[in-house]
2 protein chains.
Amino acid sequence: MFSKLNRSHRASSVERHMNDFRRGKGWGAQIKRMGRRMTVPRRAIFKVVSNSSKHLSAEDIYMEIHKKYPGIGLTTIYRTLKLLVKTGLLIKHEFGEGCARYEYTAGKIKEHAHLICMSCGKVQDCSDIDIEKFGLDKISKEVSSRYSFNIKRKRLVFHGLCEECVKGGKK
Amino acid sequence: MFSKLNRSHRASSVERHMNDFRRGKGWGAQIKRMGRRMTVPRRAIFKVVSNSSKHLSAEDIYMEIHKKYPGIGLTTIYRTLKLLVKTGLLIKHEFGEGCARYEYTAGKIKEHAHLICMSCGKVQDCSDIDIEKFGLDKISKEVSSRYSFNIKRKRLVFHGLCEECVKGGKK
DNA sequence: CTTTCTGCAAACACTTTGCAGGGTC
DNA sequence: GACCCTGCAAAGTGTTTGCAGAAAG
């Protein structure tokens with residue numbers, strides 16, 4: 001079942017994951033170690049989130065999944081997302097739209113700013129700006145020493161108007 | 001009705017507000033200009049949020065209000081909060097706890113970082129650290145030029161462990 | 001006296017939970 | 001074969017809306 005991988009293109013994240021699984025590494029193994037199981041819905045969900053560069057909501061993922069697997073329900077999406085967050089592969093964002101969005105990080109957290117357009121609602125990553133070097137490191141240091149706060153995660157969000165909406169003249 | 005103010009202590013925010021109202025300034029006047037009305041529930045809600053230095057949720061405000069005015073319902077709290085946000089006196093925060101929290105700003109936005117304890121849930125303001133000067137200005141400039149993004153508001157949140165929870169040994 | 005505001009109950013959107021059946025190891 | 005996982009339906013959040021009566025101006 002895990003052996004019929006299509007080798008004609010570069011290994012997708014799912015393939016990589018399956019290899020890892022066989023070798024006892026990666027998400028599958030991590031799950032196994034937790035006494036949990038690898039299933040079709042989980043694989044499908046993992047594939048969708050790991051192949052997307054966008055910030056997907058549970059609903060987004062459900063609709064994507066539903067094309068190929070109409071049998072998978074929203075409940076399972078939510079449960080699997082929670083699991084993926086717990087293993088550290090996903091970060092859960094709450095941008096205040098009324099629903100959570102998930103970002104694939106493959107376990108390594110590279111802090112970056114997010115831009116949210118107040119007009120069209122689009123969310124962009126500023127992944128090519130090293131916010132730490134641009135000054136966030138100094139702020140963090142100051143904060144943690146002045147407030148004796150043990151920082152675990154940093155979140156920088158800019159609300160405003162994206163390029164298209166400024167050009168488009170929308171207010 | 002507006003003339004029986006107690007003058008024995010420094011003007012509270014409600015008194016100041018009422019004076020402003022008579023003079024055609026401040027929130028009351030602002031509301032009037034919008035064709036809206038000044039009412040008992042609105043005054044009470046304004047008093048609670050403007051006198052608190054904490055980040056209150058609608059529920060928090062409701063419980064506080066309910067002591068003095070058991071007749072005021074949650075619906076009115078929500079509607080008034082929306083109004084206060086629209087007039088710019090309040091900022092609505094969504095820290096991802098499942099409910100919104102409101103911060104009184106009196107119209108002037110002084111961007112500051114927030115610390116959220118992952119253990120006890122406490123939210124602190126870092127109002128005595130000028131995050132702009134500590135480097136946020138540089139990040140903003142870089143972001144807006146590199147992404148052609150028109151920044152309207154900046155939000156910096158640190159998740160971690162507060163002093164008490166670190167000391168208390170909680171994980 | 002007109003128009004806005006209010007409380008109640010119902011509706012809402014997103015997310016979680018209980019349970020019996022099905023799948024994984 | 002034991003136990004975990006799943007889908008469904010139902011319950012649970014925090015928040016919004018429709019409506020008739022109350023209040024502001």
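Worth saying up front: this structure is predicted, and the values here are computed from it rather than measured. Just so we're on the same page: letters track the sequence lines, and every chain starts at 1.
- Residues passing the side chain to side chain contact (heavy atoms under 4.5 Å, CB included) test with A/K82: none are found, sequence neighbours excluded.
- Annotation: side chain to side chain contact (heavy atoms under 4.5 Å, CB included) contacts of A/S52 (sequence neighbours excluded): A/K54, A/L56.
- Annotation: ring-ring contact (aromatic ring centres under 6.0 Å, His included) contacts of A/F134 (sequence neighbours excluded): none.
- With sequence neighbours excluded, the residues satisfying salt bridge (Lys or Arg N to Asp or Glu O under 4.0 Å) with B/D130 are B/K133.
- In this structure, B/L74 places its CG atom 13 Å from P of C/dA9, rounding to the nearest Å.
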What protein N or O atoms touch nucleotides 20-23 of chain D N or O atoms at under 3.5 angstrom, if any, and at what distances?
none

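- Hydrophobic cluster membership of B/M118, counting Ile, Leu, Val, Met, Phe, Trp and Tyr whose side-chain heavy atoms lie under 4.5 Å apart directly or via other members: none, as it forms a cluster of its own.
- Proximity note for B/T75 (side chain, C-beta onward) versus C/dT15, D/dT16, C/dC5: the nearest is D/dT16.
- Shown for residues 77-88 of chain A: residues whose heavy atoms fall under 4.0 angstrom of DNA chain C, namely A/Y78, A/R79, A/K82.
- Scored by the salt bridge (Lys or Arg N to Asp or Glu O under 4.0 Å) test, B/E59 finds no partners at all (sequence neighbours excluded).
- Summarising the geometry, the separation between CD on A/E94 and P on C/dA13 is reported as 19 Å, rounded to the nearest angstrom.
- Note that NZ of B/K110 is 10.0 Å distant from CG of B/D125, once rounded to the nearest 0.5 Å.
- With sequence neighbours left out, B/H112 forms a ring-ring contact (aromatic ring centres under 6.0 Å, His included) with B/H114.
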